[in-house]
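Please read all numbers here as calculations on a predicted model, not as lab measurements.
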Amino acid sequence: MAQRLRDGRGKTAYRRKRDALKRRVEREGLTCGYGSPTQEGCGNPFDLTLPAGHPMAFTADHPEALANGGHLVAQILVPMHNSCNARKSNRAPVQIWEAS
């Protein structure tokens, strides 16, 4: 899979999914971290006019980080601010098991 990321396959499909998520954020007013399985994100709205490098600009987060084996395209993306996504980094979600 790592080779596929490097040779560029899949990036076009990822960009389509990211752009569709951005349109949905604009249309439905979704907030940072909406739909996140780990409840990451600040919950504040997006200013979609901010440039891509701004800390509060829109970005699409992979719930399972690519560095931890997540797939580039096969995940449901989560809208996040750049700063919230950087804070989350590539941490794996914590699983709490009940004693039996």
Side-chain angles (χ1 to χ4, degrees):
M1 183 183 107
Q3 180 61 34
R4 291 186 63 205
L5 290 176
R6 283 189 219 111
D7 66 14
R9 282 187 254 155
K11 288 189 178 187
T12 302
Y14 163 74
R15 288 183 184 128
R16 275 195 303 265
K17 283 184 75 167
R18 180 196 61 204
D19 294 342
L21 178 61
K22 190 172 184 177
R23 288 189 301 272
R24 185 173 173 217
V25 164
E26 185 173 28
R27 183 177 62 244
E28 298 177 20
L30 303 180
T31 58
C32 179
Y34 174 82
S36 172
T38 59
Q39 304 302 316
E40 300 268 353
C42 64
N44 292 324
F46 292 95
D47 180 358
L48 298 176
T49 62
L50 295 172
H54 192 279
M56 296 303 283
F58 168 84
T59 189
D61 175 56
H62 291 88
E64 186 177 345
L66 301 178
N68 296 337
H71 194 273
L72 180 67
V73 181
Q75 296 187 56
I76 296 175
L77 300 176
V78 175
M80 290 187 107
H81 294 116
N82 276 336
S83 59
C84 297
N85 198 358
R87 185 176 56 247
K88 177 185 172 256
S89 186
N90 63 354
R91 283 179 292 167
V94 176
Q95 295 182 359
I96 300 173
W97 294 72
E98 184 177 324
S100 55

S.K.: How many angstroms lie between atom CZ of R18 and atom OG1 of T59, to the nearest 0.5 angstrom?
M.R.: 7.5 Å
S.K.: Using a 3.5 Å cut-off and no angle test, enumerate the donor-acceptor pairs between side-chain atoms of residues 42-52 and protein atoms at least two apart in sequence or in another chain.
M.R.:
from, atom 1, to, atom 2, distance (Å)
D47, OD1, T49, N, 3.1
D47, OD1, T49, OG1, 2.5
D47, OD2, T49, OG1, 3.4

S.K.: For S83 and M56, which heavy atoms make the closest approach, and how far apart are they?
M.R.: OG-SD, 3.9 Å
S.K.: Can you hop from F58 to Y34 via hydrophobic side chains spaced under 4.5 Å?
M.R.: yes
S.K.: NZ/K17 to CD1/I76 distance, rounded to the nearest 0.5 angstrom?
M.R.: 7.0 Å
S.K.: Kindly indicate whether the side chain of H81, heavy atoms from C-beta on, has any atom under 4.5 Å from the side chain of P55.
M.R.: no
S.K.: So does H54 get a backbone contact from the side chain of N82, meaning a donor-acceptor N/O pair under 3.5 Å?
M.R.: yes
S.K.: Identify every side-chain donor-acceptor pair in residues 25-33 under 3.5 Å, counting partners at least two apart or on other chains, and give the distances.
M.R.:
from, atom 1, to, atom 2, distance (Å)
E28, OE1, R24, NE, 3.2
E28, OE2, R24, NE, 3.3

S.K.: Going by the rule side-chain contact (heavy atoms from CB on, under 4.5 Å), which residues pair with A13 if we only count those two or more places apart in sequence or in a different chain?
M.R.: R16, V73
S.K.: Could you give the distance from CG (L77) to CG (L21), rounded to the nearest 0.5 Å?
M.R.: 6.0 Å
